[in-house]
Amino acid sequence: MTHELKLKSIASNMTELCIGSTSILFSYDTPVAGWDDKGAFRTLKHYSATTTKHINKYLGGKDIGREISPVAILNIINRKGVYTPEVMS
């Protein structure tokens, strides 16, 4: 299945990758939050205060989004057929 990819700079060090109806927030170079067919999600791993601010700004609050592992976020990207280890290394 082919999905349209869109890359959009949201703010300094915040980038959104849209893959069809799924969106992924990258803080710096790390995928940390997004929206999929189940709703909002955020990483359960703490990276930094700045990344936490990026996530909260993107999702619209600190209590929005189910917490999932960084691997689960990569799996969401992978299910869309765009993840390769070289991209995320």
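- Within the structure, salt bridge (charged side-chain N to carboxylate O under 4.0 Å, His left out) contacts touching residues 41-60 (residues at least two apart or in different chains) do not occur.
- Cluster annotation: I68 and I19 are assigned to the same hydrophobic cluster (Ile/Leu/Val/Met/Phe/Trp/Tyr, side-chain heavy-atom contacts under 4.5 Å, transitive).
- Here the closest heavy-atom approach between residue T51 and residue S27 is recorded as OG1-OG, 2.9 Å.
- A donor atom on one side chain and an acceptor atom on the other are not found under 3.5 Å apart for Y28 and S48.
- The two residues I76 and R66 make their nearest non-hydrogen contact at CD1-NH2, 4.5 Å.
- Once rounded to the nearest 0.5 Å, the distance linking CG of L7 with OG1 of T15 reads 6.0 Å.
- With a 4.5 Å cut-off on side-chain heavy atoms, P31 and L74 count as touching.
- A distance of 5.5 Å separates CD1 of I10 from CG of L25, quoted to the nearest 0.5 Å.
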### Message
Quick one, F41 with I24, criterion side chain to side chain contact (heavy atoms under 4.5 Å, CB included). Give me CA distance, side-chain angles, the key distance, then yes/no.
### Response
CA-CA 9 Å; F41 60 87; I24 308 289; 3.6 Å; yes

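- Hydrophobic cluster membership for L44: none, as no Ile, Leu, Val, Met, Phe, Trp or Tyr side chain comes under 4.5 Å of it.
- Of all heavy-atom pairs between Y58 and S23, the closest is OH-OG, 2.9 Å.
- Taken from CD1 in I77 to CZ in F26, the straight-line distance is 4.5 Å, to the nearest 0.5 Å.
- For K62, the side-chain contact (heavy atoms from CB on, under 4.5 Å) partners at least two apart in sequence or on another chain are N56.
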### Query
Please walk me through it: do W35 and L59 pass side chain to side chain contact (heavy atoms under 4.5 Å, CB included)?
CA-CA 9 Å; W35 298 85; L59 295 179; 3.6 Å; yes

